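Read through the structure below, which is laid out as structure tokens, and then see the notes.
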Amino acid sequence: MDREAAGLELFDFSKMVGTVLQDTDGQFVGLTAAEDIAFAAENDGVPPEEMHRRVLEAAKLTQIEGYIDKSPQDLSGGQKQRVSMAGVLMDDVEILLFDEPLANLDPAAGKQAIEIIDRLHRETGKTILIIEHRLEDVLHRPVDRIIVLEKGRIKADMPPEELLASRVLWETGVREPLYLSCLRYAGLGFTAADSPASVEELCFDREALRAWDAAAPEPPVRPPLPVMLEVRGLSYSYEEIVPGHRAAHPPALEDLSFSIGRGERLSIAGKNGAGKSTLAALICGFMKPDAGKILFEEAAGRGLGDISRLSIKERAERIGFVMQNPNHMLSFPMVFDEAAYGLRTRGVGEGEIKDRVWEMLKICGLYPFRSWPVTALSFGQKKRLTIASILVLGSRLLILDEPTAGQDWRHYTEIMEFLTRLGRERGLSLVMITHDMHLMLEYTERAVVLANGKLVADGEPAEILSNDEVIEQASLKRTSLYDLALRASIADPAAFIRRFIASEADARRGL
């Protein structure tokens with residue numbers, strides 16, 4: 001029976017709609033996964049035997065039954081998400097709402113999350129709503145309809161095939177699947193009847209795509225770059241302090257070696273827990289390695305020097321770290337004061353501070369807002385302000401943690417084009433920790449891939465994302481461009497991917 005939503009209380013909604021939040025940590029209330037799953041049933045006074053049965057049933061549905069005795073803090077991102085799913089299933093709600101379920105997951109975990117959501121739909125018959133920017137990843141499993149919102153209004157409500165064949169996604173700044181963008185660059189049209197929602201079922205002119213690939217110019221080969229930072233034999237293990245003794249965990253990093261070139265754009269990829277954040281913390285000096293060295297360019301042409309002797313403050317004048325959420329880095333109410341803080345703590349005179357801050361705000365496109373309150377800035381502008389606050393100190397290397405997480409395509413492109421221009425104009429080296437395979441392909445020339453604390457690949461992104469062994473080891477995801485190349489019988493899929501990326505870069509620059 002239909003009910004008018006306007007007259008319902010929040011409690012009433014909770015019995016009809018179960019929500020899995022983007023930040024699953026915000027939903028945990030129990031000391032173990034089982035306690036967390038049982039929370040709603042406990043509040044409803046369900047008898048223990050019945051509650052235990054329902055917890056096991058929900059855990060089995062979400063494939064988390066082997067982990068219900070563990071603390072939520074000991075689970076991976078994907079496992080935490082499955083615990084949250086099981087928890088909302090305890091009330092037997094009619095609708096399951098997933099708020100950006102892929103935002104904090106590595107590619108393989110994201111793929112598995114979509115598969116579990118699809119399985120829940122098939123086995124329970126519940127209505128599923130998925131709010132997500134990463135449309136191609138969601139379409140790993142079929143959906144009935146896609147609703148596109150723009151400025152609070154419904155722009156489109158269509159079956160996937162019809163939506164993908166239209167121009168709605170381009171008009172609203174939502175990223176279409178890469179394989180469809182490739183067909184457009186090749187001048188190949190498609191309709192809803194061509195099954196555009198699946199690269200495996202897509203109908204297209206294979207001969208025409210091979211002809212485009214053969215005619216596309218080969219991207220220029222970038223000459224070797226002078227080394228700005230070198231990591232040599234880096235190892236680190238966390239310690240768990242237990243009363244009476246210290247227990248060492250398996251190494252978070254083990255004998256890691258690689259370098260970063262001056263002006264290079266490098267991505268660091270790998271599944272959750274692979275050691276990416278630990279590596280960034282060691283480079284910035286937040287922690288000290290158990291073994292190995294980190295060397296940094298003293299000055300152009302003067303070679304590398306060991307930075308172990310430098311304090312965090314001194315390292316910050318060379319290496320900047322940008323958090324995923326800019327709100328976690330902002331301390332002052334006004335834009336100018338935020339950008340000036342680092343210089344003031346170093347005793348720089350106010351006259352010089354004004355000149356340097358204004359120059360950096362101009363470079364970062366924030367000069368018109370120099371007297372504004374920080375709260376009046378958009379998310380992207382706040383991100384640029386955190387970058388300006390770092391670069392004003394003279395940093396020559398920026399490490400960015402998931403720079404495009406939670407961003408739609410339009411804002412994603414705005415942030416990445418800004419960073420690319422900044423790197424090019426100032427000779428900055430950019431290191432991006434990311435789960436986003438699109439970012440890795442489009443905006444970095446090289447990728448370092450970690451798995452279980454070890455280096456498993458160091459090379460060109462197109463080559464790495466065409467290597468099934470590395471993809472399996474590091475929980476990455478093979479790009480749909482590779483699958484499209486295979487379906488078109490293109491001999492060198494990695495070269496095909498490079499040519500597509502070059503064509504897209506030219507299109508962004510308006511060439």
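Numbers here are sequence positions counted from 1. As the structure is a computational prediction, the values presented were derived from the model and not from experiment.
Between R384 and E414, at least one side-chain nitrogen of the basic residue sits less than 4.0 Å from a carboxylate oxygen of the acidic one, meeting the salt-bridge criterion. Between R141 and E115 there is a salt bridge, since at least one side-chain N of the basic residue sits less than 4.0 Å from a carboxylate O of the acidic one. Using a cutoff of 4.0 Å between basic side-chain nitrogens and carboxylate oxygens, K111 and E136 are not scored as salt-bridged. For E176 and R184, the salt-bridge test passes: some basic side-chain N is under 4.0 Å from an acidic carboxylate O. The existence of a salt bridge linking E123 and R119 is confirmed by a sub-4.0 Å separation between a basic side-chain nitrogen and an acidic carboxylate oxygen. Of the charged side-chain nitrogens involved, none lies within less than 4.0 Å of a carboxylate oxygen, so that R134 and E100 do not count as a salt-bridged pair. E57 has no carboxylate O lying under 4.0 Å from a charged side-chain N of K60, or vice versa, which leaves the two without a salt bridge.
Note that CE of M16 is 13.0 Å distant from CG of L97, once rounded to the nearest 0.5 Å. Of the inter-residue distances, the one linking S84 atom OG with D36 atom CG reads 6.5 Å to the nearest 0.5 angstrom. One finds the CD1 atom of I116 at 10.5 Å from the CG atom of L61 (value rounded to the nearest 0.5 Å). A distance of 7.5 Å separates OG1 in T62 from CZ in R82, rounded to the nearest 0.5 Å. Interatomic distance, L102 CG to I131 CD1, rounded to the nearest 0.5 Å: 12.5 Å. S181 contributes atom OG, which lies 11.0 Å from atom CG of L484 (distance to the nearest 0.5 angstrom).
N467 contributes no side-chain N or O that, together with a main-chain N or O of E463, makes up a donor-acceptor pair within less than 3.5 Å. Proximity of a side-chain donor or acceptor of D91 to a complementary backbone N or O of V88 within less than 3.5 Å is not detected. Not one N or O on the side chain of E65 forms a donor-acceptor pair closer than 3.5 Å with the backbone of L56. Remark: side-chain polar atoms of D436 are paired, donor with acceptor, to backbone N or O of H438 under 3.5 angstrom. Judged by distance alone, with hydrogens and angles left aside, the side-chain atoms of R145 form no donor-acceptor pair with the main-chain N or O of M158 at under 3.5 Å. Distance alone, capped at 3.5 Å, is enough to place a donor-acceptor pair between the R487 side chain and the V199 backbone. Under the 3.5 Å distance criterion, the side-chain polar atoms of Q473 are left unmatched by any main-chain donor or acceptor of A451. Looking only at distances, no side-chain donor or acceptor of R265 sits under 3.5 Å from a matching main-chain atom of V431. Side-chain atoms of Q81 come within 3.5 Å of backbone N or O of P101 as a donor-acceptor pair.
Residue-environment remark: CG (L31) stays at or below the threshold of 12 foreign heavy atoms within 6.0 Å. Summarising the local packing, NZ of K126 is surrounded by more than 12 heavy atoms from other residues, nucleotides or ligands at distances under 6.0 Å. Residue D290 places its CG atom among more than 12 non-hydrogen atoms of other residues, nucleotides or ligands, all under 6.0 Å distant. More than 12 heavy atoms of other shown residues, nucleotides or ligands fall within 6.0 angstrom of atom CZ in R122. In E200, the CD atom is crowded: over 12 heavy atoms of neighbouring residues, nucleotides or ligands sit closer than 6.0 Å.
Minimum heavy-atom separation, R210 to S489: CD-O, 4.0 Å. Closest non-hydrogen pair, G320 versus I390, comes out as CA-CG2, 3.5 Å.
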For E504 and R175: C-alpha separation, side-chain torsions, deciding distance, then whether salt bridge (Lys or Arg N to Asp or Glu O under 4.0 Å) applies. CA-CA 13 Å; E504 187 164 63; R175 182 86 199 229; 2.9 Å; yes
Given the rule in the ring-ring contact (aromatic ring centres under 6.0 Å, His included) test, do F204 and F190 qualify, once you have shown the distances and angles that lead to the verdict? CA-CA 7 Å; F204 64 98; F190 52 88; over 10 Å; no
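Residue pairs that meet the salt bridge (charged side-chain N to carboxylate O under 4.0 Å, His left out) test with at least one member in residues 274-284, sequence neighbours left out, do not exist here. Here salt bridge (charged side-chain N to carboxylate O under 4.0 Å, His left out) pairs that include residues 468-483, with residues two or more places apart or in two chains, are D137-K477, D468-R478, R478-D483.
Side chains of E417 and Y443: a donor on one and an acceptor on the other come within 3.5 Å.
A search for salt bridge (charged side-chain N to carboxylate O under 4.0 Å, His left out) contacts involving E35 returns nothing, not counting sequence neighbours.
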